[in-house]
Amino acid sequence: VTVYPLPHAQAEAAPNPVCEGGLTWFNATGGVQYHWSGPGGFTSTLPNPMATTPGTYVVTVTNGSNGCTNTASATVTGNTTPPDVSTSGGQLNCNNTTITITASSGVTGATFVWSGPSSFSSSVSNPSVTAAGTYTVTVTSPANNCTATATAVVTLDNTVPGANINTGGTISCTTPSINLTGTSAPGATFAWTGPNGFTSSVSNPLVDTAGTYTLTTTGTNGCTSSTTATVVGDINPPGVSATGGLLNCNIASVQIGSNS
């Protein structure tokens, strides 16, 4: 009688524990034929099958040379706790055309996958974005393969401040300078340019030269508006002519005259 040793059967599962509905892979060694059985009527003849249901899985290992068999088991633990996740978005404007959105989790080694407007995707936790919209992050826990999702909203403020000018009159010999009155949104800054290199950063500058003046206003969001105004000048002196005469011993007086 020949007594053959039983094959050395070994079984393991990874990842383990596994999230409900997640996949775990089995690995069996020690033979050339394998037969697995498990929860829910699970069966397989592969050495490395995969399953989605927690429970105990038994593999029968057969030695190909002598037909001897042995069994081993692997127990898959269910862990359905998803990872925690928190996010933050932000606002794009004319000053900030790129912002960073953030996602964080208390689970060590968690992975992040973002999706968003215009087919945006990223696998970093805090990506930079340039488009407004809703961004969705999926966080996966390496401990059990469970996932959680959250969103971050990015808004866009590209409202221009507007710019208006009131010229306030005409430059003349009796009014050699006038105030330009600029108006815009609250908090806006003013930048004037004009003839002869004129510049000013006040809202209502005093000017003494006729010509075209440009006002550029910048809002608190960095967006700008521009407008122009022409200052009219009437500083031409009136035309004048005068006539005199000659005084002598015969002519004691003359009349002088003028025309305009």
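We use all heavy atoms of the structure for the numbers below, so side chains are in, but hydrogens, waters and symmetry mates are not.
Counting heavy atoms from C-beta outward, C146 and P83 have side chains that approach closer than 4.5 Å. In this structure, V154 and I101 have side chains that are in contact, with non-hydrogen atoms separated by less than 4.5 Å. N93 has its side chain out of reach of N158: every pair of non-hydrogen atoms, C-beta onward, lies at least 4.5 Å apart. Residues F112 and P127 are not in side-chain contact: their nearest non-hydrogen atoms beyond the backbone lie 4.5 Å or more apart. Residues D208 and P176 form no side-chain contact, since every pair of their non-hydrogen atoms from C-beta on lies 4.5 Å or further apart. Taking the side chain as every heavy atom from C-beta outward, Y135 and S122 never approach each other to under 4.5 Å. Using a 4.5 Å cut-off on side-chain heavy atoms (C-beta onward), N63 and V32 make no contact. The closest side-chain heavy-atom distance from T227 to N164 is not below 4.5 Å.
Of all heavy-atom pairs between L92 and A132, the closest is CD1-N, 3.7 Å. Taking all atoms of both residues into account, the shortest heavy-atom contact from A148 to V85 is CB-CG1, 4.1 Å. Contact between Y34 and L46 at its shortest, heavy atoms only, is CB-O, 4.1 Å. The minimum heavy-atom distance between P161 and T218, with the atom names listed, is CG-C, 4.2 Å. Between S141 and V107, the shortest heavy-atom distance links the atoms OG-CG1, 3.6 Å. Smallest separation of non-hydrogen atoms from S44 and P49: OG-CB, 3.4 Å.
Looking at S88 and T102, their side chains do bring a donor and an acceptor atom within 3.5 Å of each other. A donor and an acceptor atom, one from each side chain of T62 and T69, are nowhere located under 3.5 Å apart. Side-chain polar atoms of T224 and T216 form no donor-acceptor pair below 3.5 angstrom. Side chain to side chain, D157 and N221 meet the donor-acceptor criterion of an N or O pair below 3.5 Å. A side-chain N or O of S172 and one of T174 form a donor-acceptor pair less than 3.5 Å apart. Donor-acceptor pairing under 3.5 Å is recorded for the side chains of T75 and T56.
Here the straight-line distance linking atom CG of L215 with atom OG of S200 works out to 9.5 Å at 0.5 Å rounding. H35 contributes atom NE2, which lies 5.5 Å from atom OG1 of T43 (distance to the nearest 0.5 angstrom). A distance of 9.0 Å separates CG of N166 from CG of L180, quoted to the nearest 0.5 Å.
Side chain of T199 to backbone of W192: no donor-acceptor contact under 3.5 angstrom is found. One N or O on the side chain of D84 and one on the backbone of G106 form a donor-acceptor pair closer than 3.5 Å. Between the side chain of N145 and the backbone N or O of T140, no donor-acceptor pair lies under 3.5 Å. With T138 contributing its side chain and T149 its backbone, the two residues share no donor-acceptor pair below 3.5 Å.
In this structure, V202 is not a member of the same hydrophobic cluster as F190, with clusters built from ILVMFWY side-chain heavy atoms closer than 4.5 Å. One hydrophobic cluster holds both F120 and V139 under the rule that ILVMFWY side chains link at heavy-atom gaps under 4.5 Å. One hydrophobic cluster, built from ILVMFWY side chains closer than 4.5 Å, holds both V61 and F42. Residues I99 and W114 share a single hydrophobic cluster, defined by chaining ILVMFWY side chains whose heavy atoms lie under 4.5 Å apart. When hydrophobic clusters are built by joining Ile, Leu, Val, Met, Phe, Trp and Tyr residues whose side-chain heavy atoms come closer than 4.5 Å, directly or via intermediates, V207 is not grouped with V232.
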Audit row: N204, N179, side chain to side chain donor-acceptor pair (under 3.5 Å) steps and yes/no: CA-CA 6 Å; N204 305 322; N179 278 103; over 6 Å; no
From CA spacing to verdict: side chain to side chain contact (heavy atoms under 4.5 Å, CB included), I178, L206: CA-CA 6 Å; I178 63 172; L206 187 68; 5.7 Å; no
Intermediate values then yes/no, side chain to side chain contact (heavy atoms under 4.5 Å, CB included), V231 and I171: CA-CA 7 Å; V231 174; I171 292 176; 3.7 Å; yes
Chi angles and distances behind the side chain to side chain donor-acceptor pair (under 3.5 Å) call for S104, S86: CA-CA 5 Å; S104 60; S86 61; 2.8 Å; yes
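Ring geometry for F198 against Y213 counts as perpendicular: the plane angle is over 60°, on a 0 to 90° scale with 30° as the lower cut. Between F26 and Y57, the angle of the ring planes lies from 30° to 60°, which puts this pair in the tilted group.
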